[in-house]
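Letters go in sequence order (proteins before strands), and every chain restarts at 1.
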Amino acid sequence: MVVHTALLIDVDYSVREGKTKVRLLMKGKKKMFRLYDDYEPYFYLDAPKSEKETIEKTSTNFRGSVAKVVRVEEHEIQFGAHKKKLLKIYAEHPFHVPALRDALKDYEAYEHRIPFGKRYMIDKGLAPFTLVTYERERQQIRKILKVRESGPVKLRMLAFDIETYNPHGAPRPELDPAIMVSYADEKSGVFTWKETGKKFAHKVNDEKEMLSAFCELVKNNDAEMILGYNSASFDLPYLKKRADVLGVKLPLGRDGSDFRKMQRGIRDVVKVTGRLHIDLYPVVRFLGAIGALKVSKFTLENAYEEITGKKKHMVKRLEIWQMWDSDEERKELAEYSLHDAEVTLEIGKIVLPLEIEMSRLTKTPLFDVCNSSTGQLVESLLMYRSFEHGMLIPNRPDEGEVKRREANPIQGAFVKLPSPGIYDNMVVFDFRGLYPSIIMAHNIDPYTLDCDCCKPDGHKSPTGARFCKKKKGLVPTVLGDLIGKRAELKDKLKGLSRDSEEYNVLFARQQALKILNNSFYGYLAYARSRWYSREAGESVTAWGRQYIQDTIAKAQETGFEVLYGDTDSIFLLMGEKKKEDAISFMKKINSELPETMELELEGFYPRGVFVTKKGNEKGAKKKYALIGEDGRIKIRGFELVRRDWSDAAKKTQRAVLSAILKDGSKEKAVSVVKEMVGRLKDGKVPLEELVIYTTIRKDPAKYELLSPEIAAARKAIKRGMKLGSGSMIGYVITKTGASISDKAEVVDFAKDYDANYYIEHQILPSVMKILKELGVSEDDLKFKGTQKGLGGFF
DNA sequence: GCGAGCAGCGTACCT
DNA sequence: ACAGGTACGCTGCTCGCG
């Protein structure tokens, strides 16, 4: 028997010759390969021992064949705060588990809805990107000897993108051919079947040859990771459909198969056999949503430009077919196509290190990490750690329970109402990792709740809930490990050169840790969570409110005026106080806090703006702009950070804020607005600056109420555009129509703009709230010519 | 019949 | 398909006035 070591990449299972095999995708020194292992599916049943023999004889019909109980064992397991005796029911195939559970539904079942690949990994202590040492015979594992951490992961990446012929707007895969397939690894190029005159383009005879040339490339380059952008929903299914229509194969997989398309929740995912197919679109969306990347619009162009700060070559989507038909423009199309693949590769190189670290950390295969929500990531880690502690993994709630939980949300954070105005000299403090540190400080966990051992003592939450002081809960244990790891990493990073490979890996790791640490509270309060606890979640926020409000009170006692605060932050006016006073206040607070908690200095700000709410003299929460000592402007909540406002309005608002904060000049602020109003009136503003973007979350036909974006989308659909649930609509308010919705047109179809709308509904509302603080009225802005009494303000 | 005022829908943001 | 708190635009309804 020979001993081997290889890197674990992915795990799933298959049924071969009636036997269930766990399939492991491994990476050896040179190649990726598959290994097989045997593992017996099982689940638990809360049934008395006396039922063991009856249960052993249970069998049921499963899709025309028989699913039977293989054997039953008695098993004692930690169940919440107590131990419990359960029956462990073994089955022949993973898909027999739900069938048998249903046949035995007189008893409560546990751990019956854990994907078999995950079950195997948990039970064997395997994790992706670890080195596995094993004995094997052919491709079959005999014995796993050792699992250990691995260094940097290097997989051969190949990014690709396709162009399609689209004379009718959206391309129709059964009729419209694919015209180009571009790729990028160390080299990049384009396969196409018409002359482009470009050196990087490989011209073949027809579409069929283009498909096979691309598959050959994947095979010859031995691509281990195939990267695309929206490739699971568009490129790969499109190529497959074309291959079907043309009667050829699409051998992308290592075994010559094409791919398997599956549904993950509402999402399409595509697995290519023996390679890792990663669609970067959901990855960018995910990282954008949690704020790890600052991306406002998730097209490839926009994501690339916002992530890298570089410009991307663009063509108009609707004109691709014309470019293909024109001998002159086809060159440009080929360049665009090439660039798409290169840009996809570049995005991949930026986001994958973080995803790989997330994969290691949550012990979830990279493919799944790239298609997961934070909830699934936290759940994965907790399941793994729960098993390690010999604890039963709680069930997911049924739909009824989910509805009940959702109907009864818990109270969240405290937000202090600011007084509108322009202020000088502020200091901002925030609690470092407020919710995670509260969970740690008070041992908050579903199973430390109301423990018997501390009664009536314990950590008492402001809600009245009580948490154990003696035994650490699962959530605080796991979270504590992660927080500890992150602190260690941050220390280590200080000593490393910023462009070393080690720095990059460790930086990505601490980023992954941060994301995960901040997700535990959300998971406790998540309606579909296995570890949901209303009391625990409620206690986290209640303590949070208490800490921030206590800090506000203490700041006031110390003589600071507290202007604003949100969840974990406080904004203080320095008044006559010095920086040292602020620092000593912070130190005093910290000396009184539990050990895991800390108030940090966020920064000193020479000037800041807070505005009123619309139609109301009260201050607006979550909307402010500050200028730091380094001159950098920090803006939150204003229209200019929102994608559903036109660039023209955002640009003007930014200029106004900058004039006030940087230059302290009211005149400058006013003149910027007047200039924009003038240019709008004169019809000089280009349409691009007037586009309003918004996402539609439903099928456009399913809205009961008409809104501008829906009206625009419906009109565009009639003209052949493909817009559905999740589409980003970019529309312009044109001159034609009665209501705003009537006037709204998707930008591709807009011919003019309604200057009055943009002045009255975009520019003025976005700047008036700010200028009002300077005593400027709306009329001051609408008329050309010099105004009396608009001198400098400061 | 008409405009003001408001509720409700919907989206995006903040922490 | 991690949480809740918040602002705000647009539509379409209600209501008071004439």
Using 0.5 Å steps for rounding, measure from the NZ atom of K769(A) to the NZ atom of K772(A).
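One finds 8.5 Å between NZ of K769(A) and NZ of K772(A).
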
With rounding to the nearest 0.5 angstrom, report the CG to OG distance, L479(A) to S437(A).
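That separation rounds to 9.0 Å.
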
Contact under 4.0 Å: [X] side-chain N or O vs [N] OP1/OP2:
{"X": "T541(A)", "N": "dA3(C)", "value": "no"}
{"X": "K613(A)", "N": "dA7(C)", "value": "yes"}
{"X": "H761(A)", "N": "dC8(C)", "value": "no"}
{"X": "K698(A)", "N": "dG10(B)", "value": "yes"}
{"X": "T567(A)", "N": "dC14(B)", "value": "no"}
{"X": "S707(A)", "N": "dT11(C)", "value": "no"}
{"X": "K623(A)", "N": "dC14(B)", "value": "no"}
{"X": "R697(A)", "N": "dT11(B)", "value": "yes"}
{"X": "K621(A)", "N": "dT6(C)", "value": "yes"}

Looking at E399(A) and R528(A), is any side-chain nitrogen of the basic one under 4.0 Å from a carboxylate oxygen of the acidic one?
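Between E399(A) and R528(A) there is a salt bridge, with a charged N closer than 4.0 Å to a carboxylate O.
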
In terms of side-chain geometry, is the basic nitrogen of E306(A) or K297(A) positioned less than 4.0 Å from the acidic oxygen of its partner?
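No, this pair does not count.
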
Pick base, sugar-phosphate or nothing for [X], based on heavy-atom distances below 4.0 Å to the nucleic acid.
{"X": "Y703(A)", "result": "sugar-phosphate"}
{"X": "Y757(A)", "result": "sugar-phosphate"}
{"X": "T374(A)", "result": "base"}
{"X": "Q376(A)", "result": "nothing"}
{"X": "L377(A)", "result": "nothing"}
{"X": "S569(A)", "result": "nothing"}
{"X": "V641(A)", "result": "sugar-phosphate"}
{"X": "R642(A)", "result": "base"}
{"X": "F431(A)", "result": "nothing"}
{"X": "K618(A)", "result": "nothing"}

Determine yes or no for a side-chain-to-main-chain donor-acceptor pair under 3.5 angstrom, with D268(A) supplying the side chain and K261(A) the backbone.
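It does not hold such a pair.
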
Measure [atom1]/[X] against [atom2]/[N] and give the value in whole Å, please.
{"X": "L434(A)", "N": "dA3(C)", "atom1": "CG", "atom2": "C1'", "value": "13 Å"}
{"X": "L479(A)", "N": "dC2(C)", "atom1": "CG", "atom2": "P", "value": "18 Å"}
{"X": "L705(A)", "N": "dG8(B)", "atom1": "CG", "atom2": "C1'", "value": "8 Å"}
{"X": "E639(A)", "N": "dT6(C)", "atom1": "CD", "atom2": "P", "value": "18 Å"}
{"X": "D644(A)", "N": "dA12(B)", "atom1": "CG", "atom2": "C1'", "value": "6 Å"}
{"X": "E617(A)", "N": "dA7(C)", "atom1": "CD", "atom2": "C1'", "value": "16 Å"}
{"X": "I710(A)", "N": "dG9(C)", "atom1": "CD1", "atom2": "P", "value": "18 Å"}
{"X": "Y564(A)", "N": "dG5(C)", "atom1": "OH", "atom2": "P", "value": "14 Å"}

Proximity to the side chain of [X] - top-ranked nucleotide from [options]:
{"X": "P765(A)", "options": "dT11(B), dG9(C), dT11(C)", "result": "dG9(C)"}
{"X": "R636(A)", "options": "dC8(C), dG12(C), dC14(B)", "result": "dC14(B)"}
{"X": "I290(A)", "options": "dC13(B), dC2(C), dG12(C)", "result": "dC2(C)"}
{"X": "T694(A)", "options": "dA12(B), dG4(C), dT6(C)", "result": "dA12(B)"}
{"X": "W645(A)", "options": "dG9(C), dT11(C), dG4(C)", "result": "dG9(C)"}

Please determine, by modelled atom types, if D550(A) and Q546(A) share a side-chain donor-acceptor pair under 3.5 angstrom.
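Note: D550(A) and Q546(A) side chains miss the donor-acceptor criterion.
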
Hey, would you say the Y624(A) and F571(A) ring centroids sit under 6.0 Å apart?
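Between Y624(A) and F571(A), the centre distance is under 6.0 Å.
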
DNA chain B contacts made by residues 515-534 of chain A, counting heavy atoms under 4.0 Å
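Going residue by residue through residues 515-534 of chain A, none turns out to have a heavy atom under 4.0 Å of DNA chain B.
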
Identified salt bridge (Lys or Arg N to Asp or Glu O under 4.0 Å) counterpart of E639(A) within the set K650(A), K614(A), R654(A), K623(A):
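Testing E639(A) for a salt bridge (Lys or Arg N to Asp or Glu O under 4.0 Å) against K650(A), K614(A), R654(A), K623(A) leaves exactly one candidate, K623(A).
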
Does the side chain of V428(A) come within less than 4.5 Å of L626(A)'s, by heavy atoms?
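Sidechains of V428(A) and L626(A): in contact.
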
Return the orientation label for the Y523(A) and Y526(A) ring planes: parallel under 30°, perpendicular over 60°, tilted otherwise.
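Tilted, since the angle between the ring planes falls between 30° and 60°.
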
